[in-house]
Amino acid sequence: MKKAILAIYLCVAFMLGFSVCANAASFDDDGMLRLVNRDEKITKKYEPGDLVKPDVPTNKKSQQESIYMREEAARALEKMFQAAKDEQGYTLLAVSGYRTYGLQQVMFNNKVEAVGSKEKAWRKVAPAGASEHQLGLAMDIVCDSFRLLNSGFGETAEGQWLYANCHRFGFIVRYLAEWDDITGYAAEPWHFRYLGVQHASAVQWLHVPYETYAHQAMLLPEYVLVKGNAYLLYGIMDNALNGDGCLFEEICDAAGTTEEEQNATIEEMTAYFLPEGVTLQDALDGKVH
């Protein structure tokens, strides 16, 4: 009932002409939410400034120099690998993290040569500027019992555990077979993209490709992108993507107000979307299931 009333309020607000706010610094090149694909390319000059090597095992010893990530993502990866070991006894292995524009171009050219055309290569390898690896926010992962980068990884117990749990550490499985018409890429159950726990959880619960989520999230003010918890983000997106319409007038209005007012808005709106068994404080503290 509460959500139904909220949906009516949202659509009335939309019809009355309340503006939708857009302030998406989180989607800038250095932002954790930067969308990269063949339509949203990053320049050849971009290189993250905070690359570090995560303390995780690799598929091959030589790959230790190929697994750099941005520091926040690297620390989250370490936690995810350790949780897999502690909770299930799984040994995850990193394969490939940050790649330069030039390295991506070499990989793409090699694939073109192997398959005979750019059109075929595009389904398997991103061209330079269109790879999330250049952001330093993606990692290809395999496991001790399955060391190949192919669809079979998604059928392993380790791959299934990652798919079900990676959002707890801020990651999503970026490319699923059912989304290939939107992402433009065949399934890659080994490719994990870091977004941060709150956004990754919202994407996971919505079960939508990141393109769908990002294009809607870009309409939100920056304070919601930074401070919004998973339950609020999920609720807003779920309403919007299911045609209930509209973003909160209050959320946009609060973009230019004090931090206290912004926090109060986050708290008030989160309360609408809390599932049974989740307290408001848990949501505000960033805890997810």
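All values below were derived from every heavy atom in this structure, side-chain atoms included, with hydrogens, water molecules and symmetry-related copies excluded. Just so you know, residue 1 is the first one in the sequence shown, and it goes up from there.
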A.B. asks: Would you say the side-chain atoms of Gln64 pair up with the backbone N or O of Val56, donor to acceptor, closer than 3.5 Å?
C.D. replies: yes
A.B. asks: Are Phe171 and Leu162 close enough that some pair of their side-chain heavy atoms sits under 4.5 Å apart?
C.D. replies: no
A.B. asks: Looking at every non-hydrogen atom in both residues, tell me the closest pair between Pro48 and Arg70 and how far apart they are.
C.D. replies: CB-CG, 3.7 Å
A.B. asks: What is the distance from atom CZ of Phe273 to atom CG of Asn239, rounded to the nearest 0.5 Å?
C.D. replies: 5.0 Å
A.B. asks: Using the rule given for side-chain contact (heavy atoms from CB on, under 4.5 Å), can you reason through Thr183 versus Tyr210, listing the C-alpha separation, both sets of side-chain angles and the distance that settles it, and then say yes or no?
C.D. replies: CA-CA 8 Å; Thr183 65; Tyr210 186 53; over 6 Å; no
A.B. asks: Would you name the heavy atoms of Ala187 and Ala177 that are closest together and state the gap between them?
C.D. replies: CB-N, 3.5 Å
A.B. asks: Start with the C-alpha gap between Glu268 and Thr265, add the side-chain angles, then the distance that decides, and say whether side chain to side chain donor-acceptor pair (under 3.5 Å) holds.
C.D. replies: CA-CA 5 Å; Glu268 177 185 356; Thr265 301; 5.5 Å; no
A.B. asks: Considering only NZ, NE, NH1 and NH2 on the basic side and carboxylate oxygens on the acidic side, decide whether Glu132 and Arg99 come within less than 4.0 Å.
C.D. replies: no
A.B. asks: Is it the case that the side chain of His133 and the backbone of Gly97 share a donor-acceptor pair, with hydrogens and angles ignored and the cut-off at 3.5 Å?
C.D. replies: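 Such a contact is found between His133 side chain and Gly97 backbone.
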A.B. asks: How many angstroms lie between atom CE of Met80 and atom CH2 of Trp161, to the nearest 0.5 angstrom?
C.D. replies: 7.0 Å
A.B. asks: Is it the case that one hydrophobic cluster holds both Tyr68 and Tyr46, taking links as side-chain heavy atoms less than 4.5 Å apart, direct or via other members?
C.D. replies: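 They do not share one cluster, since no chain of ILVMFWY contacts under 4.5 Å joins Tyr68 to Tyr46.
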A.B. asks: Taking all non-hydrogen atoms of both residues into account, name the closest pair between Leu225 and Ala217 and its distance.
C.D. replies: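 Reported closest heavy-atom pair: CD2-O, 3.6 Å.
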A.B. asks: If hydrophobic clusters are built from ILVMFWY residues whose side chains come within less than 4.5 Å, do Tyr175 and Ile141 share one?
C.D. replies: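 In one cluster with Tyr175: Ile141, no.
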A.B. asks: I'd like to know if Tyr194 and Val197 are part of one continuous hydrophobic network [Ile/Leu/Val/Met/Phe/Trp/Tyr, side-chain heavy atoms within less than 4.5 Å].
C.D. replies: no
A.B. asks: Under 3.5 Å, side chain of Asp282 to main-chain N/O of Val278, donor-acceptor pair present?
C.D. replies: no
A.B. asks: Mind running side chain to side chain donor-acceptor pair (under 3.5 Å) on Glu267 and Asn263 for me, showing each step along the way?
C.D. replies: CA-CA 6 Å; Glu267 181 174 336; Asn263 291 341; over 6 Å; no
A.B. asks: State the NE2-NE2 distance between His289 and His167, to the nearest 0.5 angstrom.
C.D. replies: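 Separation between the atoms: 6.5 Å.
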A.B. asks: Evaluate the side-chain proximity of Glu222 to Lys227: yes if any heavy-atom separation is below 4.5 Å, no if none is.
C.D. replies: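 No, side chains not in contact.
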A.B. asks: To the closest 0.5 Å, what do you measure between CE (Met107) and OG (Ser96)?
C.D. replies: 6.0 Å
A.B. asks: Indicate yes or no: does Arg174 engage Glu211 in a salt bridge with an N to O separation below 4.0 Å.
C.D. replies: yes
A.B. asks: So, Arg193 side chain and Val173 main chain: donor-acceptor pair closer than 3.5 Å or not?
C.D. replies: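 Not a single qualifying donor-acceptor pair exists.
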A.B. asks: Do Val288 and Leu206 land in one hydrophobic cluster if side-chain heavy atoms of ILVMFWY residues count as linked below 4.5 Å?
C.D. replies: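 Yes.
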A.B. asks: Going through the checks in order, is the side-chain contact (heavy atoms from CB on, under 4.5 Å) test met by Glu158 and Asp144?
C.D. replies: CA-CA 9 Å; Glu158 291 89 340; Asp144 194 40; 5.9 Å; no
A.B. asks: Determine, for Lys79 against Asp86, whether the closest basic-nitrogen to carboxylate-oxygen distance falls under 4.0 angstrom.
C.D. replies: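 Answer for the salt bridge query: no.
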A.B. asks: Starting from the C-alpha separation in whole Å, work towards a yes-or-no answer on side-chain contact (heavy atoms from CB on, under 4.5 Å) for Thr270 and Leu284.
C.D. replies: CA-CA 8 Å; Thr270 296; Leu284 298 176; 4.3 Å; yes
A.B. asks: Using a strict threshold of under 4.0 Å (side-chain N to carboxylate O), is an ion pair present between Glu65 and Lys53?
C.D. replies: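 Here Lys53 pairs with Glu65 in a salt bridge, since their nearest N and O are under 4.0 Å apart.
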A.B. asks: Is a donor on one side and an acceptor on the other found under 3.5 Å between the side chain of Gln198 and the backbone of Asn229?
C.D. replies: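 No.
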A.B. asks: Check whether any side-chain heavy atom of Leu176 sits under 4.5 Å from a side-chain heavy atom of Tyr163, and report yes or no.
C.D. replies: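 Counting from C-beta outward, Leu176 and Tyr163 do come under 4.5 Å.
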A.B. asks: Would a distance-only check, ignoring hydrogens and angles, find a side-chain to backbone donor-acceptor pair under 3.5 Å from Thr156 to Phe153?
C.D. replies: yes
A.B. asks: For residues Leu103 and Thr100, report the shortest heavy-atom separation together with the two atoms involved.
C.D. replies: N-OG1, 3.0 Å
A.B. asks: For a 4.5 angstrom cut-off between non-hydrogen side-chain atoms, does Leu51 reach Met69?
C.D. replies: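 In short, these two side chains do not touch, never coming nearer than 4.5 Å.
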A.B. asks: Would you give the length of the straight line joining atom CG of Leu33 to atom CG of Leu135, rounded to the nearest 0.5 angstrom?
C.D. replies: 11.0 Å
A.B. asks: Give, for atom CD of Gln104 and atom CG of Asn109, the distance between the pair rounded to the nearest 0.5 Å.
C.D. replies: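 These two atoms lie 10.5 Å from each other.
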A.B. asks: Restricting to non-hydrogen atoms, name the atom on Arg34 and the atom on Ile42 that form the minimum distance, rounded to 0.1 Å.
C.D. replies: NH2-CA, 3.7 Å
A.B. asks: On the 0 to 90° scale, with breaks at 30° and 60°, tag the Trp205-Tyr231 ring pair as parallel, tilted or perpendicular.
C.D. replies: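 Tilted.
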A.B. asks: Could you please spell out the steps behind the side-chain contact (heavy atoms from CB on, under 4.5 Å) verdict for Phe192 and Ile172?
C.D. replies: CA-CA 6 Å; Phe192 292 82; Ile172 60 170; over 6 Å; no
A.B. asks: Any heavy-atom pair between the side chains of Phe146 and Glu155 that's under 4.5 Å?
C.D. replies: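 They are not in side-chain contact.
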A.B. asks: Would the number of heavy atoms belonging to other residues, nucleotides or ligands and lying under 6.0 Å from CD of Glu113 be above 12?
C.D. replies: no
A.B. asks: So if you build clusters from Ile, Leu, Val, Met, Phe, Trp, Tyr with side-chain heavy-atom gaps below 4.5 Å, do Leu149 and Leu92 land together?
C.D. replies: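 Looking at the clustering, Leu92 is in the same group as Leu149.
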A.B. asks: Within a strict 4.5 Å, meaning less than it, do heavy atoms of the Val142 and Leu148 side chains meet?
C.D. replies: no
A.B. asks: Nearest heavy-atom pair of Gln262 and Thr257: which atoms, and what distance?
C.D. replies: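 In terms of heavy atoms, the two residues are closest at NE2-O, 3.6 Å.
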A.B. asks: Tell me, do Ile67 and Pro54 make a side-chain contact under 4.5 Å, heavy atoms counted?
C.D. replies: yes
A.B. asks: I'd like to know whether the aromatic ring centres of Tyr185 and Trp179 sit less than 6.0 Å apart in this structure.
C.D. replies: no
A.B. asks: Should the heavy atoms of other residues, nucleotides or ligands under 6.0 Å from CG of Asp55 be counted, would the total exceed 12?
C.D. replies: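 Result for CG/Asp55: open.
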A.B. asks: Given Leu93, which of Cys143, Pro57, Ser145 fulfils the side-chain contact (heavy atoms from CB on, under 4.5 Å) condition?
C.D. replies: Pro57
A.B. asks: Distance-only, no hydrogens or angles: does the Gln134 side chain make a donor-acceptor pair with backbone N or O of Ser131 under 3.5 Å?
C.D. replies: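 No: the side chain of Gln134 does not pair with the backbone of Ser131.
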A.B. asks: Are side-chain heavy atoms of His199 and Leu233 found at a separation under 4.5 Å?
C.D. replies: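 A side-chain contact under 4.5 Å exists here.
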A.B. asks: Would you confirm whether Asp28, through its side chain, and Asp30, through its main-chain N or O, come within 3.5 Å as a donor-acceptor pair?
C.D. replies: no
